[in-house]
Each structure stands twice: as C-alpha cells, then as structure tokens.
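Values below: every heavy atom of this structure, side chains too, minus hydrogens, waters and symmetry copies. Below, chain A is the first sequence line, B the second, and so on; all start at residue 1.
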2 protein chains.
Amino acid sequence: MDTALDRAVRVFRERGYHATSIGDLTAAMRLATGSVYKAFRDKHAVFLAAFERYTALRQEQTRSAAARGANGREQIRNVLLSYVEHSQGVEGRRGCLVVGSAVELSAHDAMVAARVSTQLATNENFIAGLIRDGQADGSIPRHVAADDTARLMLCITQGMRVVGKARLPLDGIRLVGVAMKLLA
Amino acid sequence: MDTALDRAVRVFRERGYHATSIGDLTAAMRLATGSVYKAFRDKHAVFLAAFERYTALRQEQTRSAAARGANGREQIRNVLLSYVEHSQGVEGRRGCLVVGSAVELSAHDAMVAARVSTQLATNENFIAGLIRDGQADGSIPRHVAADDTARLMLCITQGMRVVGKARLPLDGIRLVGVAMKLLA
DNA sequence: TTTATTCGGGAACAATCATTCCCTATTATG
DNA sequence: CATAATAGGGAATGATTGTTCCCGAATAAA
C-alpha cells in the first residue's frame, strides 16, 4: 500500500490535484477503481495521505542534509544546496507537493491550507533553529536576526521550486554562495 | 472586452486553470457561453489572453515601483517591497498567475511553459539591470555578482508569492531589510 | 467439504465538463 | 425601407469526471 501511495505522490506532484483523474490515479497506483475507494474515502483523502507521505520524506531528506554539516552555518549551507538539487532536473520538474498545494488548493480547501501552513512553519522553524545553533557555536554572528532571516530563507527555498519547475537552471554553488551573505 | 478579461484574470488567479469551469468564467466575465467562444477559440485561449494581460499589468507595477527609487539600490528595495505588498492580504491570497501557471501547467503545456519562462527571465533581467545601474551610480559595490544575485532575488520574489498564498504574514520592512544584505 | 468473509476488480451511474449549434436582437448596408 | 451581417445569449451534446454497486476469486471458519 505504501508503494501505491508513493506512486500517487508522484502523479499528484506531476499533474497537480485537479488535473489528476481517478483514472490517472488507478493507473499509477496499479489498483482498480473499487480498490482505491476501499482504501480511501475519496480522491481528497488519497491526496491528503499522499501529502502526508511526501512531507515526511522531504523532512527526513533535509534533516539528513543538515546533519552532514559540522556547525550551524554549514548545516544551513547544506540545506540550501539540497533544496537547489531537489528543485532541478527530473525531480525539480516533478515539483513540490507543498508548493503545488499552496498555489492550487490553499485558497479553497481549509484542510489542505492548514497542512501547508504547518509544513511551511516547520521548515521555517527548522532553519531558525539552525541559525541559533550557528550563533551558539560561533559560526554565525550574533547580530543576525534569526526569525527574519529564516522567513526570507523560506521564501528562497519555495521560490527555488517555482523557478525549477519552470526549468530555469540553478547553479547551486553560486546561488547558495550569494545566499550565505544573509548570515554575514 | 478588456474589463471582461480583467475579470477572467481574477478567476484564474483565485482558482487556477483546471478548477475554473466555463461556468465560472462566464459568470465572472458576465458573458454567455456562446459569447466567450465567439471571442476566444477555447478555454485555453482565454487563459493565454488573461496571462498576457496579467503580466503586462504586473510589469508596469514593478517598473513604476522601481522608478520611485533615487538610485539602483533604492530601486531594488522598492521592487522587493512592492513584491511583499502584492504577496499579502487579499491580493496575496488571490495569487500570482505566473507562479500558478509555472506550478500547475508548465509541465504539460508547452505554450504556457514558454510564456512563464520568458516572464521569469524578464523579471530576472530587470533586477540584474538595476544591480548594474546601482554599481554604475555607486550605490551597490562592484563585487556584487549581478546575475547570480538577480537569480536569487527572483527566487525570493516567487517564493514570497507562495508563502503569501499560504497566508503566512510577511513584514516588508524586516524581510527586505535582511534581503538587502545581498547587495553588500 | 461447505459456508462465510474478505478483497480486488471493473461495469454502471449521475453530475459536470468543454464545446457546438441555433436563435434573436441590433446594427450596418443596399 | 428592406436586407444583409454581426453579436450576444442559452439550450443541446458528447465526453469525462468522481463515486457507487456488484461480481468473482481467494482465504478462513465450520
């Protein structure tokens, strides 16, 4: 079932919610219509489950990217670099379910809107925490405003996914090199 | 007709392409079904016209915001501040057609994808030009990498629209204050 | 072995979609 | 004045949508 959900994640990322029909879903998940409706209440429930699964996976990926850094500053650099990578190539073209949901559904779907907000807040808080870690370990100056910088970095990461979906190439080293000035 | 198209822009921004039915469109544009199909070949053509109109309006708004600045640096500050304003409140919740199109359509609609890319490139080039202007007038240091910084600022602006659509509040002064470090 | 029960599959359904067609005013043309 | 042309309105149409219902096979229980 989890592997079927992974396939659902992929379809929703590629096509969005409204452009994904039950037919697309059953084809991707390799289940018949009846089987999908036996596992989920409706299309919306499939999407919610896919969203949940996607955010869990992405969270794990960014945290493990951060963990590869020796101090707060390097951890942030790794997180940003990881975002650039995921915003590019086939993965970037596939898109981010959080960004897609924010843009396509947030305005008219309270359930999705709530999950999008909490996910964005989680990401922002994670970055803010890394900034404070860096200030504690001496790799980031004390005068950096952790919360404001974290919110701007949230905009940067979400923006990368938009730009990446539009197929503009992103040079990780150069882009992140510039972004690190925010920690000066 | 232009006022009808303005109303179409609004609906597409609020609901996206796929979630907007012809019924929604005729109701908003205050035209009957037949009249819409007499003015446009199909729904896709209405969308393309709305996209064109939206980008023209937005371009004008950003340029006039920039024009209020005395030098390159202040012009960029004004552009960023303008983006924050447009990403917030009722306007922010309405969303950006470029971001929406990039996320919802770019992957499967070559015509839209092309227009999104050129629009993003135009925005980026505009910012890069302002950076170079600032370097010429002495308000921005020469060592700032114009192209890389412009691309990062493109990510920032597009990201603001995502975050704004998700209803996270954005403090223009603080956010732009941090972002201006990129021009140090 | 016989009988329940579960599970996946797919046909059937009503609703909604984008699109076409035709009718009726209104304006322009002779 | 008569008539051709145009523009707008809305019903009809066929395709597609999400959802439900029911069937058949496989497994568990008796």
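- Distances shown here put every side-chain N or O of B/S35 at or beyond 4.0 Å from the OP1 or OP2 atom of D/dA7.
- Evaluated for a salt bridge (Lys or Arg N to Asp or Glu O under 4.0 Å) with B/D24, the options B/K43, B/R10, B/R15 yield exactly one hit, B/R15.
- The hydrophobic clustering, which links ILVMFWY residues whose side-chain heavy atoms are closer than 4.5 Å, places B/F47 and B/L25 together.
- Scanning for salt bridge (Lys or Arg N to Asp or Glu O under 4.0 Å) contacts around A/D109 gives an empty result, with sequence neighbours left out.
- In this structure, A/L25 places its CG atom 16 Å from C1' of C/dG10, rounding to the nearest Å.
- The list of side chain to side chain donor-acceptor pair (under 3.5 Å) pairs with a residue in residues 137-160 of chain B, not counting sequence neighbours, reads A/R174-B/D148, B/E124-B/R151, B/R132-B/D147, B/D137-B/S139.
- In this structure, CZ of B/R30 is placed 19 Å from C1' of D/dG10, rounded to the nearest angstrom.
- Atom OG1 of A/T33 is separated from atom CD1 of A/I22 by 8.0 Å, given to the nearest 0.5 angstrom.
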Letter per nucleotide, 5' to 3', of nucleotides 17-29 of chain C [B base touched, S only sugar-phosphate touched, - untouched; heavy atoms, 4.0 Å]: SSBB-B-------
